[in-house]
Protein chains: 2
Amino acid sequence: MPKQTFFNLEPERREAIIKAAVEEFAQAPFEQASLTKIVENCGIAKGSMYQYFKDKRDLYLYIVDLAYEQKRAYVAKAFAKEGDIFSVLEEYYQESYAFALDHPLFHQVTNKFWDNKGGSLRLELEKGRLSRASDFAQFLDAAMAEGKVNGELDPEAVFFVYHAVGKELIDNFDQVRSDGFLKRVLDVLRLGLAAREEAEK
Amino acid sequence: MPKQTFFNLEPERREAIIKAAVEEFAQAPFEQASLTKIVENCGIAKGSMYQYFKDKRDLYLYIVDLAYEQKRAYVAKAFAKEGDIFSVLEEYYQESYAFALDHPLFHQVTNKFWDNKGGSLRLELEKGRLSRASDFAQFLDAAMAEGKVNGELDPEAVFFVYHAVGKELIDNFDQVRSDGFLKRVLDVLRLGLAAREEAEK
DNA sequence: CCGAAATATGACCACCCGGTCACCTCTGTA
DNA sequence: TACAGAGGTGACCGGGTGGTCATATTTCGG
């Protein structure tokens with residue numbers, strides 16, 4: 001949490017700080033990002049930064065929050081949409097992709113944040129994972145109750161697969177340019193690898 | 001590549017260096033790992049290290065190679081085994097799991113290596129990814145030719161999903177203790193999420 | 001116009017890093 | 001024994017880090 005002083009700042013100054021911090025944290029993971037570079041790039045004194053934030057970590061978590069706030073605005077549309085779980089998933093990744101295109105720096109901040117697994121942010125990471133897990137579990141449970149999803153499957157394993165593929169997709173939005181590819185990846189999840197004995201309509 | 005001097009060392013000394021380096025690189029990614037700590041932990045002088053290796057990166061890549069060499073010994077069994085692509089995959093992850101249990105430090109070294117995406121080892125990473133991709137592509141092509149795999153799917157998308165899930169599985173071997181879970185995750189890939197109209201045998 | 005409180009500053013601190021190099025020791029050969 | 005070359009060493013270098021603090025400046029109520 002930034003200190004009150006930060007919010008008392010003229011917006012111009014505040015935004016310069018945010019801009020410089022986003023650029024740095026998009027470029028390097030928390031441990032390797034340099035506070036010194038941030039203050040140099042926004043033209044404020046090092047000491048001033050400590051009037052606004054408790055420490056580097058405080059600034060970082062604030063920036064990560066900002067990034068996720070932006071992202072939520074995009075993906076919320078997907079969950080609001082009518083349709084089966086497959087079209088919701090497709091919409092979700094379409095929106096994530098749009099977010100990555102519109103806000104590449106925020107997108108990189110969120111990606112770098114995930115990578116921290118082993119680092120000093122394990123707790124914050126786990127919190128985010130659980131919250132996303134429960135969102136998805138709700139949708140999945142509903143879909144299974146309606147018989148829309150293969151009942152043989154373990155919901156926990158389904159979440160695991162969804163989470164793994166989603167992470168990889170989002171990680172690679174930079175390379176994956178074709179819309180069609182997203183759909184084809186989701187097809188693999190939907191249809192499964194095993195050959196079907198009976199023809200699908 | 002270590003210098004010749006390194007291989008001239010008494011095995012005792014050589015292994016002390018390897019042990020200390022493995023411990024450090026298992027604990028922190030390349031950029032954050034500390035050469036200074038390594039030399040302290042194996043009781044040799046900093047300067048000596050530079051008689052054996054060109055630089056930190058050279059030492060690191062040597063250790064990563066060692067780790068993958070160990071791992072190859074495990075997973076080779078899977079590809080040698082008879083059976084359809086699904087049982088090969090299961091065997092592959094079973095062996096990866098066994099490797100993680102038997103050599104937890106090597107396992108962590110390989111995991112940390114993958115995470116480098118944005119860092120200074122992109123080239124080495126990409127090389128490894130391509131080689132694994134071609135191994136898998138061979139198996140997949142054969143399985144599709146035999147009609148064992150759903151022909152509607154895009155092989156590239158199948159590889160993408162396999163790769164994502166495999167990475168996540170291996171990343172989480174520390175938590176995923178139950179054998180059954182591995183099988184259930186692979187079931188999700190095999191059977192797909194979509195409900196089947198006709199009962200499976 | 002004054003003084004107190006809030007804010008801004010950058011030199012400075014202790015610490016850590018990868019890498020170097022002049023010097024020392026050891027080993028084997030002539 | 002003398003000497004050469006290979007190997008070993010750790011003090012040292014330049015550079016970077018996050019964080020602090022005494023001091024200067026600005027703001028603003030009385």
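Lettering of chains follows the sequences in order, A, B, ..., and the numbering in each one begins at 1.
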Is the distance from OP1 or OP2 of [N] to the nearest side-chain N or O of [X] less than 4.0 Å?
{"X": "A:T5", "N": "C:dT7", "value": "yes"}
{"X": "A:N8", "N": "C:dT7", "value": "yes"}
{"X": "B:Y52", "N": "D:dG7", "value": "no"}
{"X": "B:S34", "N": "C:dC16", "value": "no"}

Notebook entry, point to check: Hey, which of these two, B:Y50 or A:S48, hits DNA chain C nearer its 5' end, going by closest nucleotide?
Noted result: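 The residue closer to the strand's 5' end, by nearest nucleotide, is A:S48.
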Note to self: How long is the straight-line distance from CG of B:L35 back to OH of B:Y60, given to the nearest 0.5 Å?
What the structure shows: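 That separation rounds to 13.0 Å.
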Provide, to the nearest angstrom, the distance between the [atom1] atom belonging to [X] and the [atom2] atom belonging to [N].
{"X": "B:I17", "N": "D:dG7", "atom1": "CD1", "atom2": "P", "result": "13 Å"}
{"X": "B:L35", "N": "C:dC17", "atom1": "CG", "atom2": "P", "result": "9 Å"}
{"X": "B:Q32", "N": "C:dG18", "atom1": "CD", "atom2": "C1'", "result": "15 Å"}
{"X": "B:I38", "N": "D:dG10", "atom1": "CD1", "atom2": "P", "result": "18 Å"}
{"X": "A:D58", "N": "D:dG18", "atom1": "CG", "atom2": "P", "result": "15 Å"}
{"X": "B:E10", "N": "D:dG7", "atom1": "CD", "atom2": "P", "result": "11 Å"}
{"X": "B:K46", "N": "C:dA22", "atom1": "NZ", "atom2": "P", "result": "17 Å"}
{"X": "A:E40", "N": "D:dG15", "atom1": "CD", "atom2": "C1'", "result": "13 Å"}

Checklist line | Salt-bridge criterion met for A:E69 and A:R72 (N-O under 4.0 Å) | finding: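 No, no charged N to carboxylate O under 4.0 Å.
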Next item on the list: Identify whether the distance between the nearest side-chain nitrogen and carboxylate oxygen of B:E23 and B:K19 falls below 4.0 Å.
Entry: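 Salt bridge flag = yes for B:K19 with B:E23.
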Margin query: Once you apply a heavy-atom cut-off of 4.0 Å, does A:R13 come out as touching a base, just sugar-phosphate, or nothing?
Written below: sugar-phosphate
Next item on the list: Just call it for A:K56: base, sugar-phosphate, or nothing, with non-hydrogen atoms closer than 4.0 Å on any strand.
Entry: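 Sugar-phosphate contact only - A:K56 comes under 4.0 Å of backbone atoms but never of a base.
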Notebook entry, point to check: Which class fits the ring pair A:Y97 and A:F173: parallel under 30°, tilted 30 to 60°, perpendicular over 60°?
Noted result: tilted
Notebook entry, point to check: For the side chain of B:Q51 and the base of D:dG7, is some donor closer than 3.5 Å to an acceptor across the two?
Noted result: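 No such pair is found, so the answer is no.
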Next item on the list: Report the residue (B:A45 or A:K37) whose heavy-atom-nearest nucleotide on DNA chain D is the more 5′ of the two.
Entry: B:A45
Item checked: Polar side-chain atom of A:H107 near backbone of A:K71 as donor-acceptor pair, under 3.5 Å ->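 Not a single qualifying donor-acceptor pair exists.
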